[in-house]
J.: 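Starting off with a structure, shown below.
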Amino acid sequence: MYRSIYFKIVSIFAVFMVTVMVVVTAVLINGVFGFYTNEFVAQLDAHFKEGAQLRSDLESALSDESYAALQKDVLTAYSTALGIDDYRHFYICDQNGTRLESSTADAGYLQKTPNLLRAMNGEIGVEQTWGSLHTDYAVPLSNGSRSCIIYIYDTQEEMEALAWQIFTIILQALLIGLIIAVILSFVLSKAITAPIQNITRGANRIAKGEFSQKLVSYSNDEIGVLTDTFNDMSSVLKNTLDEVSGEREKLETVFSYLQDAVLAFTVDGRILNINKSAVALLGRSYNENLSFDRFLELLDIGYVRDYIENGEDNGGQFTLRDVVFDDKALDINIGRLRYIEDKQIREGTIAVIHDITARYELDKAQREFVANVSHELRTPLTSIKGATETLLMYPDMNADMRDNFLNMAVEECNRMLRIVMDLLTLSRLDNHKTKWKVARFDLKQTLIHICQVMQVESAAHRHSLRLTVPESLPEMVGDAERIEQVLINILSNAVKYTPDGGEIEVSAEHRDGFTAVSIQDNGIGIPAEDLPRLFERFYRVEKARTSEMGGTGLGLAIAKEIIAAHGGSINISSEVGKGTLVTITLPLDSKLKGEEN
Ligand code: ADP
């Protein structure tokens with residue numbers, strides 16, 4: 001309350017009013033006193049100057065023995081002119097200042113005032129001292145033989161009454177003035193504080209995050225300018241905040257969708273931030289109270305703490321490679337993180353975890369592939385080596401035996417050639433170097449053709465091979481030769497992996513833009529655990545037996561790539577001992593259309 005602008009303005013007005021009134025009163029009363037004193041001296045000077053009637057009457061009275069009584073009569077006669085009344089008296093004294101006569105009956109001690117003392121010295125005493133409680137006038141008179149002093153003394157009571165009256169009037173004026181000043185100052189301070197309160201309310205709203213309201217500016221004065229500036233400031237602040245929060249949102253979106261797992265910890269090891277990938281990576285091990293120590297413990301990388309403590313952390317940043325956690329291979333980057341907490345800049349820790357399992361698996365798959373290729377080629381090479389060495393060692397071998405060895409070598413060479421050709425096909429498919437012969441073709445004709453091709457082999461195993469196709473199948477666009485290669489491969493698998501006298505059925509049907517070809521056998525089947533791996537390169541269910549059957553283990557891998565290149569899919573379901581169903585779904589309009597040549 002005492003600090004409010006209202007109070008200050010009212011106080012200033014009141015103090016101002018009182019000060020003005022005090023000064024006015026002082027000046028006025030001083031003026032009245034001066035005027036009164038001057039009037040007093042001037043009035044007496046007029047009657048006591050040399051040659052004045054009163055003076056000469058008083059001087060002539062000196063010649064008489066009882067001059068004092070005579071002089072009293074003279075002065076009494078002049079009392080109106082001299083202003084003699086209850087407050088102003090005259091005294092007739094001898095030259096020693098002893099009272100002889102006076103206009104007052106009061107015969108008390110006559111004080112020797114400076115003016116009276118001057119008159120006793122023969123000078124006229126007219127000096128008036130400011131602040132003294134009287135005014136007086138002393139004139140020495142002499143006729144040569146006799147001297148006296150006429151002394152006029154005024155108690156100033158009259159003047160004091162006047163001064164008091166002036167003071168009372170001024171006091172009344174002061175009171176009225178004060179009331180007016182207080183009212184005016186209230187109005188003025190209201191006029192000043194209303195816009196300020198308006199701005200204060202606006203500032204409070206901004207502090208609460210409400211930027212939408214604009215303050216109304218009622219005037220063009222400084223406060224109006226302040227209001228406009230405030231509005232400008234609030235819109236700039238809003239834009240800046242929008243920008244900052246936009247940036248923050250962007251960062252948070254990036255942070256949350258980042259594939260790398262990110263965890264930030266405070267200086268005392270509490271979790272500061274964690275993104276979705278990190279929560280997913282830690283799985284059940286994660287909870288909101290996860291600490292930095294617990295995190296190190298989970299990933300079994302507690303030695304990191306020693307790095308940090310010993311300052312071996314390469315300026316606050318280092319990478320741990322191939323950390324294994326929960327069957328995953330991880331690269332972990334650990335660094336320092338500056339953040340603000342309790343208005344202070346602090347330094348925490350940030351961990352960025354990159355899941356390298358896929359790369360790891362790929363490396364592993366490549367190593368396995370190289371091992372597989374070497375293994376697959378070693379077997380026929382060993383056979384060829386054995387056959388040719390035997391031929392060289394026994395040049396006299398009989399013709400039948402030699403033919404046997406030579407046939408064996410040729411067979412193994414063919415087997416190697418098949419592997420190499422298949423690998424080449426796969427490599428071209430992988431590198432998109434395959435030359436596709438895209439054309440419109442009749443799938444039904446293709447199916448009839450493959451059944452004819454496989455008829456001999458099928459008959460050799462006493463299988464019954466049946467083809468079930470609708471009257472008409474829509475024509476397709478694609479590489480007919482390669483699709484035929486895929487179908488032959490799958491059909492020959494059915495023939496190979498079905499014990500003699502089995503039943504094989506090839507069927508096709510058309511559904512919404514797709515043609516599905518199924519090859520069903522009642523052969524040995526495939527164990528459920530092998531099904532997901534069938535399309536891997538060189539994967540065979542029973543290595544020894546199937547390679548004996550002349551398979552390379554690459555057929556299904558190639559089939560999958562060719563069908564995928566056409567925009568189709570291949571699916572195998574099987575039950576051990578009951579048989580296998582391979583379904584190929586192909587779009588009528590192949591993806592390869594653009595490459596038609
Ligand atoms: P391969 O040239 O050795 O036949 P594939 O890639 O064509 O290689 O087949 C992979 C493996 O899948 C085969 O070795 C075989 O074990 C299994 N397989 C494929 N088709 C059948 C089927 N119709 N019945 C049983 N097993 C099959």
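Position 1 is the first residue of the sequence; numbering continues from there. Whatever order the structure lists ligands and atoms in, that order sets their numbers, starting from 1. This one's a predicted model, so the numbers in the text were calculated from it and none came from an experiment.
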J.: Test of understanding: with ring pair (Phe, Tyr, Trp, His ring centres under 6.0 Å), list the residues that count as partners of F265, not counting sequence neighbours.
T.: F292, F295

J.: Does either side chain, that of D530 or that of Y539, offer a donor lying less than 3.5 Å from an acceptor on the other one?
T.: yes

J.: Are T468 and E505 close enough that a side-chain donor and a side-chain acceptor fall under 3.5 Å?
T.: yes

J.: At the 4.0 Å heavy-atom cut-off, does Y539 count as touching ligand 1?
T.: yes

J.: Check whether any side-chain heavy atom of Q197 sits under 4.5 Å from a side-chain heavy atom of R201, and report yes or no.
T.: yes

J.: Which bit of T580 gets closer than 4.0 Å to ligand 1, counting heavy atoms only: side chain, backbone, both or neither?
T.: side chain

J.: Are D355 and K328 close enough for a salt bridge, meaning some N to O gap below 4.0 Å?
T.: no

J.: Output the list of atoms in ligand 1 that are nearer than 4.0 Å to some heavy atom of L556, sorted by atom number.
T.: 5 (P), 6 (O), 7 (O), 9 (O), 10 (C)

J.: List ligand 1 atoms under 4.0 Å from L534, heavy atoms only on the residue side.
T.: 12 (O)

J.: Show which side-chain atoms of residues 510-523 pair as donor or acceptor with protein atoms under 3.5 Å away, not counting sequence neighbours.
T.:
{"from": "H510", "atom 1": "ND1", "to": "F514", "atom 2": "O", "distance (Å)": "3.1"}
{"from": "R511", "atom 1": "NE", "to": "E509", "atom 2": "OE2", "distance (Å)": "3.4"}
{"from": "R511", "atom 1": "NH2", "to": "E509", "atom 2": "OE2", "distance (Å)": "3.0"}
{"from": "D521", "atom 1": "OD1", "to": "G523", "atom 2": "N", "distance (Å)": "2.8"}
{"from": "D521", "atom 1": "OD1", "to": "T580", "atom 2": "N", "distance (Å)": "3.1"}
{"from": "N522", "atom 1": "OD1", "to": "E503", "atom 2": "N", "distance (Å)": "2.8"}

J.: Could you tell me, atom by atom, which parts of ligand 1 come under 4.0 Å of a heavy atom of G525?
T.: 25 (C)

J.: Are E561 and R482 close enough for a salt bridge, meaning some N to O gap below 4.0 Å?
T.: no

J.: With respect to G553, determine whether any N or O atom, backbone or side chain, lies less than 3.5 Å from an N or O atom of ligand 1.
T.: yes

J.: Please determine, by modelled atom types, if N571 and T583 share a side-chain donor-acceptor pair under 3.5 angstrom.
T.: no

J.: Output the list of atoms in ligand 1 that are nearer than 4.0 Å to some heavy atom of K496, sorted by atom number.
T.: 4 (O)

J.: Please work out, at 4.0 Å between heavy atoms, whether the side chain, the backbone, both, or neither of N489 comes within that distance of ligand 1.
T.: side chain

J.: Using a 4.0 Å heavy-atom cut-off, which part of D521 comes near ligand 1: side chain, backbone, both, or neither?
T.: side chain

J.: Of the side chain and backbone of I526, name the one, both, or neither that has a heavy atom under 4.0 Å from an atom of ligand 1.
T.: side chain

J.: Using a plain distance cutoff, I'd like to know if R540 has any nitrogen or oxygen under 3.5 Å from a nitrogen or oxygen of ligand 1.
T.: no

